[in-house]
Every structure is written in structure tokens, then in C-alpha cells.
Amino acid sequence: MSIFASYFPITDPTLVFFVVLLIILLAPIIMGKLRIPHLIGMVLAGVLVGKYGLNILVRDSSFELFGRVGLYYIMFLASLEMDMEGLKRNKWRTLTFGLLTFCIPFVLTWLMGLDILGYTPLAALLLGCVMSSNTLVAYPIVSRYGLQQKKSVTLSVGSTMVSLFLALVVLAAVVASYQGKSDIFFWLWFIAKAVIYVGLTLLLVPRLTRWFLRRYSDAVMQFIFVMAVLFLCAALGEFVGLEGIFGAFLAGLVMNRYIPQRSPLMNRIEFTGNAIFIPYFLIGVGMLINVRLLFQGGGILFVVACIVFFGTLGKALAAYIAAFFFRLPTLAGHLMFGLTSAHAAGAIAMVMVGMNLKAADGTPLVNEGMLNGIVIMILFTCIISSLITEGAARATVLREHELPSEDLPDDDERILVPVKYKEYADRLISLAIMARNPKLNRSLVAINVVYDDENMQRNQRDGQRLLEQVQTYAAGSDVKVDTQVRVAANIANGIKHAFKEFQASEILIGMHMHENVSPKFWGQFHQSLFNGLNRQIIMARLYHPLATLRRIVVVVPSRAQYEPGFCRWIERLTRIAGNLDCKIQFNGRMDTLQMINQFITNRHPNLRFTCVEMAHWNELPRVAATIADDHLFVVVTARKGTVSYKSAMERLPEELTKYFNGKNLIIIFPDQYGDDKQTMTFAQSQHTEETSAYDSVAKWLHTLIERLKK
């Protein structure tokens with residue numbers, strides 16, 4: 001054994017990283033067999049390989065570095081994946097729950113420290129700070145189950161930052177009091193630094209992010225930029241005395257708007273954190289825990305039992321009281337308790353501050369027994385938090401699966417995306433990813449059609465490379481793309497044949513960006529395409545990246561609600577607006593807007609939308625005056641002979657060219673027939689007959705007037 005002992009602890013960087021990767025790989029497999037949350041496996045593995053276990057690894061600077069990054073990553077992802085609209089609607093609930101989850105554990109542990117453990121008032125206050133704050137150790141469990149947008153999760157994440165902020169303020173007061181600096185100037189300077197820091201972050205980071213994402217589309221550069229902003233905010237947070245985890249959380253809140261949930265950039269951020277940094281952090285936390293202390297006498301056991309019991313009881317009371325007053329189900333209370341009950345490296349950081357504070361006689365504020373008790377407490381609270389969160393998350397998912405789905409089982413969604421230009425293909429695919437229904441998990445279809453001429457083979461090779469680029473881009477969002485290079489004598493006919501072969505439901509195609517492509521606004525090619533297909537066609541012209549758009553403005557013709565494709569295009573636009581977290585405004589007749597309002601309220605109640613009455617189609621110039629460069633203008637038009645078609649639409653190409661030149665634009669031609677290709681309903685046919693009769697009379701009167709003039 002002595003021979004093997006000489007090789008441990010491992011110090012070679014390559015072997016250290018190999019052992020860590022082995023733990024990250026095997027812990028989920030072993031814990032999955034035992035039906036124990038993976039996070040517990042990471043922490044226990046850290047205990048096992050650390051110096052208090054088998055002494056296989058030393059907690060060197062790499063664990064300090066990656067552990068700190070992992071802690072920041074947890075807070076950053078939590079705020080980045082938050083439902084910001086839900087947070088705004090529930091800001092008072094979040095603040096209330098934050099006060100509850102801070103005050104109740106704080107008071108309980110403070111009184112326990114004074115009366116039961118016999119600590120000094122300042123040491124008891126420090127213990128109250130540790131137990132009133134929490135770390136979102138169990139958040140990856142919620143993320144794995146896809147529950148990030150749940151109200152209970154949003155409340156838990158928001159309240160975590162409220163309680164952390166309050167704990168840091170009390171900690172600053174403890175430090176200032178111990179050092180004799182707790183005067184009015186200290187607090188004025190502290191408040192001034194915090195306000196300046198938060199104000200500058202909210203003011204500068206969004207503008208910098210929007211500028212960078214518009215100018216640089218390289219995936220690696222975007223990822224590095226996000227990471228740079230994250231750690232800059234964390235470093236500045238530590239500088240002003242608010243701790244780096246507060247800065248990381250604030251960075252996620254600010255950048256939430258510019259990193260859509262279903263985007264390759266978000267996928268890369270989540271993958272990097274969940275694969276390396278967060279497991280590194282959990283293993284490092286485990287390496288701090290000295291389980292041997294539990295067997296060295298009853299004193300430490302009593303301290304750990306008191307801290308865990310009163311701290312966890314306070315978090316439980318806060319969660320279930322909040323759930324009761326907010327009228328949330330019991331499962332929501334379980335989730336809130338599970339997410340807010342864990343303590344990790346933040347607790348270590350706070351207690352180390354106390355260790356560094358010494359009285360005139362050299363006595364530290366925190367003794368070794370309190371330090372060891374808090375370190376071991378981390379293990380128990382992480383286990384409790386992970387078990388409760390895992391159970392509540394699984395039960396929530398099972399409960400939702402038992403409820404009837406809002407999506408029709410016969411939904412035929414399959415989006416066909418013809419691509420031609422390399423620099424524009426990714427934006428079209430990104431738009432399709434945001435418009436699709438992720439619950440159906442259907443693949444997209446990307447095609448490239450080349451002419452059957454002397455350059456056919458070269459164009460086929462170029463088309464294949466373009467489609468491979470598209471597949472790689474979509475894979476970043478875990479979306480499968482079926483591809484095909486077609487040879488055709490006519491491009492429009494090639495797209496139409498592919499549409500039928502793949503049994504697509506709609507087409508998403510780009511419009512030309514330059515005037516010299518076609519003398520007409522959307523050209524003879526597009527005219528041939530939508531004249532030959534009765535299904536939905538979306539034509540997009542995007543000058544800016546989707547993530548930088550702030551508003552979607554939609555113009556809807558009268559009687560659009562009678563078209564068979566009415567629900568389909570609303571569903572696509574609402575999904576795009578929801579993924580971009582931007583406001584969408586519908587302009588149209590009041591009866592049409594009422595139907596749109598009813599649809600969105602029933603299916604997407606969290607969407608931010610407004611309805612503005614537009615009495616006549618001739619009001620397009622008025623709408624044009626409200627469109628900014630970072631807006632997306634959407635025109636819902638119609639084919640000739642359909643219910644919502646009107647003669648004013650014939651001027652649409654000229655009006656769009658005149659009033660919306662250089663603007664982000666989408667034109668939608670809805671389904672002309674229903675999904676089942678059946679005839680129109682009685683109401684639709686009645687409106688069609690009325691429209692046809694009206695048009696006939698109008699044409700007859702026009703002819704009569706012209707003859708009288710002659």
C-alpha cells in the first residue's frame with residue numbers, strides 16, 4: 001500500500017484533469033442506477049477524492065479557478081433562462097418571497113446561535129447571513145427537466161438574489177461594526193458604489209451587446225464576448241462589495257433579452273457550463289468537506305444538527321408560506337423549497353470573512369467549530385436540496401404530461417427553407433427554429449435548387465457545402481435539418497416539387513436584399529411560387545440579427561380571421577416573439593383583433609402584445625412612421641380570390657419599397673385552404689360570395705363611368 005500511496009495525491013495536471021473528467025462521466029451513471037440526483041454524486045465524489053477522503057486529488061488553484069467559474073455560471077444561467085416577463089409581472093411576489101426566505105432563516109439561526117450554541121452576537125449575525133442566503137446548486141436539475149420558465153422557479157431565482165443582497169448588506173454591517181467603521185459615511189459610500197455599478201451595467205451592457213451581435217456573427221467570438229461580459233460584471237461586483245455571484249446574476253439579467261432560449265449561442269453556453277464548469281464547482285465543494293469530524297465527538301454533530309435543522313426549517317417555512325399566500329400548488333412549494341435550501345461556496349466565502357476578522361487579542365470572530373459545522377452543513381443541505389428538487393421536478397413534469405396538450409395531435413408542421421446565399425442562410429434557419437414548435441420535435445427541411453445547365457455540377461457542390469453549413473448551425477440548437485440539393489429547369493417548380501415530396505406544411509424563404517435582383521419588389525420567382533402553392537409562404541428580409549430586434553409590428557387585413565391559415569401564422573409569430581422576448585403589436589380591424597387577442601390569451605398568456613385599430617389598409621404610411629431599424633415589420637397579405645384579399649394589396653410592392661426600404665420585413669401569404677384540403681366553411685364561402693359580388697358591382701360601375709366619360 002505504501003508503494004501506491006507514494007503516487008497520491010496526484011499532482012500532474014494531465015492526470016488531475018483526467019480524474020475530474022472521469023468523475024463527471026461516471027457520477028451520473030452510478031447515481032442514475034441508484035436513483036439519486038447527479039449533483040449529489042458530484043459532491044460525494046469530491047468528498048471521496050479530496051484530502052479528507054482517499055486523498056487522490058489536492059484542491060489546488062485549478063479547483064479554485066474552475067470552481068469560481070462554475071459558481072458564476074450557475075447564477076448566470078439562472079438569470080439568463082429566467083422568464084423576464086414573468087419576473088416583471090411577479091416582481092412584488094419575488095420581493096416578498098425574497099424577504100421571507102431571508103428573514104425567517106436569519107432570525108431562527110441568529111436566535112439559535114445566541115441561545116443554543118452560545119455564540120457572540122456578531123458571530124450569530126454572521127451565521128444568520130450564511131443560512132439566510134442560498135446557492136442555486138439544484139438549478140441544473142430544473143434546467144434538465146425544462147422547467148426554467150415555471151413561476152415557482154422564477155420566484156426562487158429572483159428571491160435568491162434578494163436574499164443574497166440582504167445577506168451581503170448585513171455581512172458588510174458586521175465587518176464594519178467589528179472594525180469600528182460603521183458610520184454614516186461608510187454606508188453612503190457603499191450605497192453610492194452599488195447604485196453606480198448597477199446603473200452603469202444596465203445602461204452600457206445592453207448597448208454594447210446589441211452593437212457586438214449586429215457586427216460580428218462568428219459563433220466563437222459571440223461566445224467569448226458573452227463570457228467576457230459575465231466575468232467583467234462579476235469582477236466589478238466584487239470590487240464594490242456585492243460579491244461576484246451578484247455580478248454574474250446581473251449580467252444574465254441584462255443579456256437575457258439578447259440570447260434567445262432556442263439559439264446556437266444559448267446551447268453553447270449551457271453545454272460548456274453543464275459539461276465542465278458546474279461539475280468542477282460541485283466536486284470542489286465536496287473536497288472542502290471533512291466528514292471525519294462527524295466521528296470525532298458529539299460537539300460537532302450537535303453544531304451541524306442545529307445549523308442544518310434551523311436553517312432548513314427557515315427555508316421550508318418561507319417557501320410554503322409564500323406558496324400558500326400566492327395560491328400556488330404544493331408542488332410549486334416543493335420546488336421553491338428545494339431550490340432555496342442549499343448552501344455552497346457562498347457560505348464558505350462568508351464564513352472565511354469572519355475567520356479573517358480578529359479582535360485586539362487575536363481571537364477570530366468565527367472559531368474552528370463554527371467553520372467545520374458550516375462546511376459539513378453544505379453537504380447535508382446540498383443533499384436535501386437535490387432530493388427535494390429532483391422529486392418535485394419529476395412530479396411536475398409527470399403532472400403536465402397528464403394534462404391535455406394544447407397542440408393538436410394531427411399538427412402537420414414541417415417547415416421548408418430554400419437557401420441560396422451563404423451569408424443569409426443562417427438567419428433564415430434561425431427564424432425557422434424560433435417559429436417551430438419544439439414539443440413536436442420535427443426536423444426542418446433545407447433545400448438548394450440549382451439550374452440544369454452547364455454549371456450544374458459546380459453549383460451542386462456549392463449547394464451541398466451550403467446545406468452542410470446550415471446543418472451545423474441548426475445542430476447548435478439541437479435541431480435536426482433534412483437537406484437536399486435539387487436540379488430543376490425552373491427554381492420555383494423545384495421548390496414546389498420538394499414541398500410535396502417532403503410533405504411540408506409551409507415555406508420560409510428569403511427576399512432579395514438589393515434592387516438589381518429584380519425589377520419588381522418580390523420578383524417573378526416569388527410570384528410564381530405563391531401562385532402555384534396554396535399553403536403558407538413566409539418571405540423574410542432581415543438586415544439585423546434576430547436577437548437584436550426589440551419589437552414586431554404586424555399589419556393584418558380585415559376578414560383575416562376567416563382564412564383557414566389564420567391560426568398558423570399567429571402561432572408562428574407568437575413563437576418568434578416569445579423566443580425573442582420582445583413585444584408584438586397587431587394592427588387591424590377591431591373584429592380581427594378580437595380574434596387575435598382571444599387566440600393569444602388562450603394559448604400564449606405570457607406573451608407581451610398589444611392591439612391597435614387600423615381602420616383601412618391605406619394607413620400603412622402612418623404605421624411606417626413608427627418602424628425603427630431594430631423593429632420587424634410583418635405584413636399579412638392574401639392571394640387573389642381569397643376572403644381577405646382587397647384591391648389595395650396590388651399597391652403593396654410599391655408601398656413597401658417607398659415606406660419600408662431598409663427595414664426588417666416579413667410578408668406572409670396564409671394557407672388558402674385548410675390543412676385537410678377541404679372546401680371552405682359556410683361562413684368563409686358566404687364572405688367570399690359577398691366579396692365577389694361587391695367586386696363585380698364595383699367593376700361594372702367603373703366600366704359604366706368610363707363609357708359615360710367618353
Side-chain angles (χ1 to χ4, degrees), residues 406 408 435 506 530 534-538 551-578 583-627 631-652 655-656 659 666-676 678-698:
E406 65 176 13
L408 297 176
E506 58 220 276
F530 63 70
N534 294 325
R535 303 305 297 271
Q536 178 167 282
I537 299 176
I538 301 176
R551 181 185 291 265
I552 300 176
V553 180
V554 187
V555 173
V556 186
S558 58
R559 299 192 296 272
Q561 69 270 30
Y562 298 107
E563 295 284 1
F566 178 69
C567 294
R568 189 189 296 275
W569 64 258
I570 297 180
E571 184 69 19
R572 297 293 174 264
L573 292 179
T574 51
R575 288 192 180 279
I576 293 172
K583 196 171 186 178
I584 183 168
Q585 173 185 308
F586 294 92
N587 300 267
R589 296 282 285 271
M590 189 53 65
D591 57 338
T592 306
L593 295 178
Q594 289 175 353
M595 297 296 294
I596 293 173
N597 180 75
Q598 181 179 347
F599 179 91
I600 297 177
T601 303
N602 291 336
R603 294 177 64 94
H604 303 279
N606 296 328
L607 188 73
R608 291 185 295 158
F609 75 101
T610 56
C611 294
V612 179
E613 186 174 7
M614 189 179 76
H616 199 275
W617 197 256
N618 293 333
E619 295 184 31
L620 275 181
R622 177 186 63 80
V623 178
T626 66
I627 305 299
H631 290 179
L632 174 62
F633 182 58
V634 181
V635 180
V636 181
T637 183
R639 299 172 177 85
K640 286 186 178 181
T642 55
V643 177
S644 58
Y645 180 79
K646 46 183 60 63
S647 58
M649 289 182 178
E650 295 180 2
R651 303 192 303 271
L652 187 61
E655 291 177 338
L656 292 176
Y659 298 113
I666 285 181
I667 301 175
I668 300 178
F669 292 86
D671 290 340
Q672 183 173 346
Y673 302 116
D675 293 340
D676 55 1
Q678 292 178 352
T679 57
M680 293 182 294
T681 62
F682 172 75
Q684 294 168 338
S685 61
Q686 187 177 30
H687 276 274
T688 304
E689 291 172 2
E690 292 174 359
T691 305
S692 301
Y694 174 83
D695 291 342
S696 300
V697 172

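Excluded from the calculations below are hydrogen atoms, water molecules and symmetry mates; all remaining heavy atoms, backbone and side chain alike, are included. All of these numbers come straight from a predicted model, not from anything done at the bench.
- The closest side-chain heavy-atom distance from Ile596 to Ile570 is below 4.5 Å.
- Listed here is the closest heavy atom pair of Leu593 and Cys611: CD1-CB, 3.9 Å.
- The nearest pair of heavy atoms linking Glu655 to Leu620 is OE1-CD1, 3.2 Å.
- Of the possible polar contacts, one joining the Thr601 side chain to the Asn597 backbone as a donor-acceptor pair under 3.5 Å is found.
- Between Ala624 and Tyr659 the shortest heavy-atom distance is CB-CB, 3.7 Å.
- Of the inter-residue distances, the one linking Ser644 atom OG with Arg589 atom CZ reads 12.5 Å to the nearest 0.5 angstrom.
- The closest side-chain heavy-atom distance from Arg568 to Glu506 is below 4.5 Å.
- Taking the side chain as every heavy atom from C-beta outward, Glu563 and Trp569 never approach each other to under 4.5 Å.
- Side chains of Thr637 and Pro557 form no contact here, defined as non-hydrogen atoms less than 4.5 Å apart.
- Taken from OG in Ser558 to NE2 in His616, the straight-line distance is 8.0 Å, to the nearest 0.5 Å.
- Contact record, Phe599 with Glu571: CZ-OE1, 3.4 Å, taken as the closest heavy-atom pair.
- How far CD1 of Ile576 is from CD1 of Ile666: 5.0 Å, rounded to the nearest 0.5 Å.
- Arg575 and Ala435 get closest at one heavy-atom pair: CD-O, 3.4 Å.
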Is there a side-chain contact (heavy atoms from CB on, under 4.5 Å) between Ile668 and Gln536 once you walk through the steps?
CA-CA 7 Å; Ile668 300 178; Gln536 178 167 282; 4.2 Å; yes

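- Asp671 places no side-chain N or O within 3.5 Å of a backbone atom of Pro564 that could act as its donor or acceptor partner.
- Ring-plane geometry between Phe586 and Phe609 is classed as perpendicular, the angle between the planes exceeding 60 degrees on a 0 to 90 degree scale with a lower cut at 30.
- Side-chain atoms of Ile667 and Ile538, non-hydrogen and from C-beta on, never get closer than 4.5 Å to each other.
- Residues meeting the side chain to side chain contact (heavy atoms under 4.5 Å, CB included) test with Met614, sequence neighbours left out: Val555, Asn587, Trp617, Glu619, Arg622, Val623.
- The nearest pair of heavy atoms linking Arg559 to Thr592 is N-OG1, 3.7 Å.
- Side chains of Asp591 and Gln561 form a contact here, defined as non-hydrogen atoms less than 4.5 Å apart.
- In this structure, CD on Gln585 lies 5.5 Å from CZ on Arg551, to the nearest 0.5 angstrom.
- Using a 4.5 Å cut-off on side-chain heavy atoms (C-beta onward), Pro670 and Phe566 make no contact.
- Shown here are the side chain to side chain contact (heavy atoms under 4.5 Å, CB included) partners of Gln598, two or more places apart in sequence or in another chain: Met595, Asn602.
- No side-chain heavy atom of Lys583 sits under 4.5 Å from any side-chain heavy atom of Ile552.
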side-chain contact (heavy atoms from CB on, under 4.5 Å) assessment of Val553 paired with Val634
CA-CA 6 Å; Val553 180; Val634 181; over 6 Å; no

